[in-house]
Amino acid sequence: MIETDVLVIGGGVAGLLAAAKAADEGVEVVIVDRGSGASYQSSGVIDVMGCLPEGEITLSPLEGVTQTIECLPQHPYSVISSERSVADVIKEATKCLLDMASTHEVRFDGNIEKNVILLNTIGSFKITCFYQSTMSGGTLNKLDGASLLVVGFNGLAGFNPRFCASGFKHFASKFNVELRKADGVKLSLPALRDFNLTFIELARMIDKDEFREILAKKLRDETVKGNTSHIALPTLGLRKHYESMRILREETEAEVFELVSPPPSVPAQRLMRALEEGVAEKGVRILRGYKAVGFKSEGRRVMSVILDSGGKHFPAKAGAYILATGKFIGGGLVEEEDKVKEAVFNLPLYDERGKALRGQKIPRLLARSPFPQGGHPLMGCGVKVNAQMKPVVEGEVVYENLFVAGSLISGYSYVREKSGMGVATATGYVAGISAAIYVG
Amino acid sequence: MEEYDVIVIGGGSTGTSVARDCAMRGFKTILFERGDLASGATGACAGMISGGTKYVLQEPEFSAMCTMEVINLSRIAGHIVFRTPIITAILTEEELKLRASFAEKYGALTEKRQASPILVLSPQEARSLEPKLSSKIILAAYFDEMFIDPFRLTVLTALSAKRHGAEIRTYTEVIDILHKDGEVYGVKVRDRLNGKEEEVKGKIIVNATGAWVPEISRMVGVKQTLRLNKGTHVIFDRRITRFGIICQALDGRTVYLFPHETGSILGTTAIDIFTSPDEAEATYDEVEYLISSMEMAVPSVRKARVVRVMCGVRPLIAQWWVPEGDVTRNFKVIDHEERDGVKGLVSVEGGKLVVCRAMAEKITDLVCEKLGREAPCRTHLEPLPGADGKISVEELASKYRVSPQVAGRLASRQGTLAHAILSEARDERDFLSSVCLCESVTEAELRYVIRNEWGVTLDALRRRTRMGMGPCQGFSCGFKAMSVLAEERGIKVDEAFKELENFLAERWKGHFVILRGAQLSEYEMTQAAYACVGSIDVKIGGGDK
Ligand SMILES: Cc1cc2nc3c(=O)[nH]c(=O)nc-3n(C[C@H](O)[C@H](O)[C@H](O)COP(=O)(O)OP(=O)(O)OC[C@H]3O[C@@H](n4cnc5c(N)ncnc54)[C@H](O)[C@@H]3O)c2cc1C
Ligand SMILES: Cc1cc2nc3c(=O)[nH]c(=O)nc-3n(C[C@H](O)[C@H](O)[C@H](O)COP(=O)(O)OP(=O)(O)OC[C@H]3O[C@@H](n4cnc5c(N)ncnc54)[C@H](O)[C@@H]3O)c2cc1C
């Protein structure tokens, strides 16, 4: 049996932020999580708004937010701005996240006024707002005239440095950035497995002093050979990334940086660990392996949530509950008889434009092409909330002590917008404050 | 301009078999396929190659031919032929009567055919063999069927044709047939990858385009009618049952659930179509029909994870006033000189995958007659590439220090060629990394099929290696394979990403019809990885990309 002021269901970025903020306000918080979700699969950088509604890239996140809100009045960024300026809320919320991360060895660069273009391990690019400082050397605006060496490793699966090098040159030129040179090389280092080596395994190796030394020497040779100014690596390590970056920079006298990657992403692991340590430090208890499977209510109050751990059920009681269970990866939304369903409270669902889903089957919420300009309606579906992040149906609050945060919220598609962590952070922050005020 | 003896149109199981036979009998042969090999009905079929018990009674001669062909295919392509034990689950008294009289007659014939007899099982016996069966079954029957991998069969047949001198041109569409004074003398083709057009001359044109046969005939003004019939399959992520299961469908037809590679395949529907076969699409109703039907015999199929759906069009002979199931599965070779006065044009109607070699033999006999050459058919004797010996998975695994899983999957696709593929990776151990984790496909295998098996697109790599066919449906292998393909073929970056988009779009076709359960999380992953991280959907500046 758990009893607390605020119970947060879901420990992704939204849940962690909500918990941190509520704890800052002086209430007791417990997070329960059944496993992990989209936050662990992200690339560990914070998007605020990367694209305009028509799909075009924007270098100004706030301008992107403004235009998006105009098109989509139900957007969570719009909902949180009913009392205060959306820019202020995003700034405060991301500051809260970045502060927590940086006290636990994951420092970020970037600012809310500007988006940057990063390069990825696929050979293309990613637009984002806040990025880990291990990536700073490689933002596209710094690469004009650079002589770039993309470094891979024999044995490392899923990373082709030669292809990436030509990809970077190609995409950079589309942004009017000319790389003077871009080469790819695969290093053979005896300590590495000769095939099927993963990014995480490589990161752990780079954390080791002896391996890093050998790597530094190899890189120095390559740098001298190629007259290199910038070196892109698939990872700089799991725990000692700053030390590695510093040493490799000193050795090579080149700007060494880390690429972003699709899952499994090392920077995302780092970020999540840092945030978990951050909230724990604020006195929040995180219970893993607990799945919310039901609830009890009286009128418009949630009285308890039923948790499942290893097949055993027991209740958790709190003054307020924050639902931050994510979308399909997280498990907040599930399929039942071909329809989308909110998994814990069976909350009514809405689409991106704020219209109630009336039992449409999932295929009706999908477009015929995989990446259509307007995105799939399915990705904009979720729970509708008011300015305090309370779930609403036809304008009425469903439960007055329930708050919702993160990608479970309807009204936006992070896939199309490139706004995932930004919305998760901002809505988590607001939900945390609202819940704390409610119980306090 | 050089002139070919034979131009084959269509690179399915039929066309490649024709090209092989013609080449083996010494004709200068070229084959044109507008997409990839096996991208038509061949790639959408279940690969069952037994006579099909049903046809034993309805069409004994055809059934005997099928039996012969199973023996032939086992001889020439043993490594891709496998046996699957099957249980027919009977759910109602009426069905029992029907099946009983059938079993009796069938049983009388099995001795003659040397096929394994049908074994009747009590519900308890059946359920102890296959616990996934419903408790509602009233009786069951056990037998087995032979299967073949249709993709590999087609590619290996094409490879064999090439070894005998045939030219195989994939992604090359025949857009016109050159003809003059009632005689064909060549074709006009367009390369679909670079848009180039050219004319190619030949004495005989074999139209082996399956459901598209009428469209080709129309190019010379010949009207030809087929009964085009769509069939859909549902693919699941794992083996739901150990045995293949056959049961009655909601409308009294028969449906099946077969273990298939690492998953299961549920099929099939039969819907006459009257639009172009290009427009055929699997529908939600078909999926529900299949699942609701099989659910009666195997209840857990409802909750199983659907990975994708696919459909194909059967090029049946135009028999009407009977249900699809009663239309003959035999084939007809048409000599258009005789039928329509168009000299040099030959086409084929009907048939099945299992008889592709026999179809080719008959067609090539006609070609011999027309070109005045006597040469015996040897296609049933000479093994296809990779089928020329046995291969030990343990030996393979230990010799090249790969996991038994990787060695086993590779051997099942490539047979004895597995050695050549792995030995190339001797100095480049790196190439042993798995590109596709779901199906254990190594980079070495990808590079090999790009170099040797017309692996020119990601889609083609998928057909040859099963890359991207598992639960993740290309999310984790698509971009990796793209870089390998780009490197091997020297493709430019923007074309490579275009190719990746095409691949994901092709995979998506099997999803937007039905997306359920855990597959939704896979969907979000693919969407986010390619759009949020890969920016595949992003427009730069004035809509440049
Ligand atoms: C591949 C990929 C790459 C991405 N890259 C980026 C990027 O680079 N930048 C960016 O800004 N965004 C990115 N995103 C988007 C971003 O990751 C998400 O929008 C964001 O993480 C959502 O956070 P969340 O906390 O709402 O959900 P989640 O992170 O999914 O968290 C939900 C949590 O709830 C738990 N949970 C669910 N149900 C229950 C239950 N019943 N009981 C208990 N616990 C439960 C889950 O285990 C999970 O941990 C990416 C997403 C993906 C998939
Ligand atoms: C759902 C389903 C299940 C089946 N199950 C089985 C089974 O279990 N066992 C069995 O034996 N049979 C089965 N069949 C039947 C079998 O698949 C077909 O009879 C057989 O594959 C037909 O092969 P094909 O080469 O004649 O036609 P296809 O494979 O369709 O090949 C024709 C080719 O011609 C090409 N083409 C078309 N137009 C042009 C042009 N203008 N230029 C160049 N190329 C062109 C097409 O791209 C295509 O690849 C099944 C069929 C279906 C639909």
Side-chain angles (χ1 to χ4, degrees), chain A residues 38 41-43 47 50-51 54-57 120 122-127 154-158 160 162-164 166-167 169-171 174-175 186 194-197 260-263 327-329 331 333-335 338 361-363 366-373 376 378-379 414-416 418 420, chain B residues 284 401-402 425 428-435 442-443 475-477 479-480 482-484 486-487 492-494 496-497 500-501 504-505 507-509 511-517 519-545:
Chain A
Q41 306 294 345
S42 78
S43 44
D47 306 350
C51 289
E54 309 84 56
E56 219 159 90
I57 242 175
N120 65 35
I122 298 177
S124 64
F125 63 94
K126 156 150 189 67
I127 181 152
N154 272 319
L156 180 65
N160 185 330
R162 287 176 300 258
F163 179 79
C164 284
S166 50
K169 210 167 160 79
H170 169 81
F171 287 109
K174 295 212 159 205
F175 288 99
K186 270 194 182 185
D194 52 4
F195 61 96
N196 277 343
L197 179 76
V260 283
S261 83
K327 262 199 159 58
F328 304 110
I329 299 174
L333 294 181
V334 293
E335 175 263 341
D338 280 326
K361 295 204 164 171
I362 288 171
L366 298 169
R368 295 180 65 91
S369 71
F371 299 100
Q373 203 178 91
H376 297 289
L378 183 63
M379 284 307 290
Y414 76 81
V415 163
R416 182 171 55 75
K418 329 298 173 207
Chain B
Y284 182 87
R401 289 185 291 135
V402 296
E428 290 262 21
R429 295 284 293 165
D430 203 27
F431 288 175
L432 292 176
S433 283
S434 291
V435 173
T442 60
E443 185 170 330
F475 145 65
S476 75
C477 62
F479 66 90
K480 299 176 198 163
M482 166 188 70
S483 77
V484 175
E487 209 167 68
K492 288 210 202 78
V493 174
D494 46 353
F497 276 90
L500 178 61
E501 273 179 59
L504 294 171
R507 296 281 77 191
W508 180 243
K509 273 197 206 155
H511 294 145
F512 70 79
V513 177
I514 190 90
L515 201 54
R516 285 182 177 160
Q519 212 56 35
L520 276 162
S521 150
E522 225 53 85
Y523 154 80
E524 190 185 344
M525 279 289 239
T526 309
Q527 285 281 308
Y530 285 101
C532 285
V533 188
S535 305
I536 200 167
D537 63 334
V538 166
K539 282 194 282 178
I540 306 171
D544 205 347
K545 181 177 175 266

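So you know, we letter chains A, B, ... as the sequences are listed, proteins then strands, and number each from 1. Being a predicted model, the structure only gives us computed values, none of them experimental. Side chains are part of it too, since the values below use all heavy atoms of this structure and drop only hydrogens, waters and symmetry mates.
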Backbone of A:Pro370 reached by a side-chain donor or acceptor of B:Gln527 within 3.5 Å: yes
Side chain / backbone / both / neither for B:Phe475 at chain A, heavy atoms under 4.5 Å: side chain
Inter-residue atom distance A:Ile362.CD1 - B:Phe512.CZ, 0.5 Å rounding: 15.0 Å
Parallel, tilted or perpendicular: rings of A:Phe328 and B:Tyr523 (30°, 60°): perpendicular
Any B:Leu520 side-chain heavy atom under 4.5 Å of A:Leu378 side chain: yes
Short side-chain to backbone donor-acceptor contact, B:Trp508 and A:Ala367, under 3.5 Å: yes
Leading residue by heavy atom contact count with chain B [cutoff under 4.5 Å; candidates A:Lys361, A:Lys327, A:His376]: A:His376
A:Lys126 side-chain N/O to B:Cys532 backbone N/O, donor-acceptor pair under 3.5 Å: yes
Segment of A:Asp338 engaging chain B (4.5 angstrom heavy-atom cut-off): side chain
Working for side-chain contact (heavy atoms from CB on, under 4.5 Å), residues B:Val538 and A:Cys51: CA-CA 8 Å; B:Val538 166; A:Cys51 289; 4.0 Å; yes
Atom group of A:Ile122 that falls short of 4.5 Å from chain B, counting heavy atoms: both
Minimum heavy-atom distance between B:Phe479 and A:Gly158, given as atom pair plus value: CE1-O, 4.0 Å
Rounded distance [0.5 Å steps], CE in B:Met525 versus CD1 in A:Ile329: 5.0 Å
Side-chain donor or acceptor of B:Asp537 paired with backbone N/O of A:Arg416 under 3.5 Å: no
Nearest heavy atoms of A:Pro363 and B:Val513, plus distance in Å: CG-O, 3.2 Å
Nearest-0.5 Å distance that lies between atom CG in B:Asp430 and atom CG in A:Asn154: 4.5 Å
Atom NZ of B:Lys509 with >12 non-hydrogen neighbours under 6.0 angstrom: no
Pairs of heavy atoms under 4.5 Å with chain B: top-ranked of A:Pro372, A:Gly167, A:Ser369: A:Ser369
Beyond-backbone contact of B:Arg401 with A:Asp194, side-chain heavy atoms, under 4.5 angstrom: yes
Distance-minimising heavy-atom pair for B:Leu432 and A:Phe195: O-CD1, 3.4 Å
A:Glu56 side chain to B:Lys539 backbone, donor-acceptor under 3.5 Å: no
Side-chain donor or acceptor of B:Lys480 paired with backbone N/O of A:Asn160 under 3.5 Å: no
Chain A interface, residue from B:Ala528, B:Ala425, B:Cys477 that has the most non-hydrogen pairs under 4.5 Å: B:Ala528
Under 3.5 Å: donor-acceptor pair, side chain of B:Ser433, backbone of A:Asn196: yes
Residue A:Leu156 versus chain B: region with a heavy atom under 4.5 Å: backbone
Top contributor to chain A contacts, counting heavy-atom pairs under 4.5 Å, from B:Ile514, B:Val435, B:Asp494: B:Asp494
Chain A contacts, top residue of B:Ala486, B:Ser476, B:Gly517 (heavy-atom pairs, under 4.5 Å): B:Gly517
Region of B:Glu524 in contact with chain A, defined by heavy-atom distances below 4.5 Å: both
A:Asn120 to B:Val533 - nearest heavy-atom pair and separation: ND2-O, 2.9 Å
Leading residue by heavy atom contact count with chain A [cutoff under 4.5 Å; candidates B:Arg516, B:Lys492, B:His511]: B:Arg516
Part of A:Ser42 lying under 4.5 Å from any heavy atom of chain B: neither
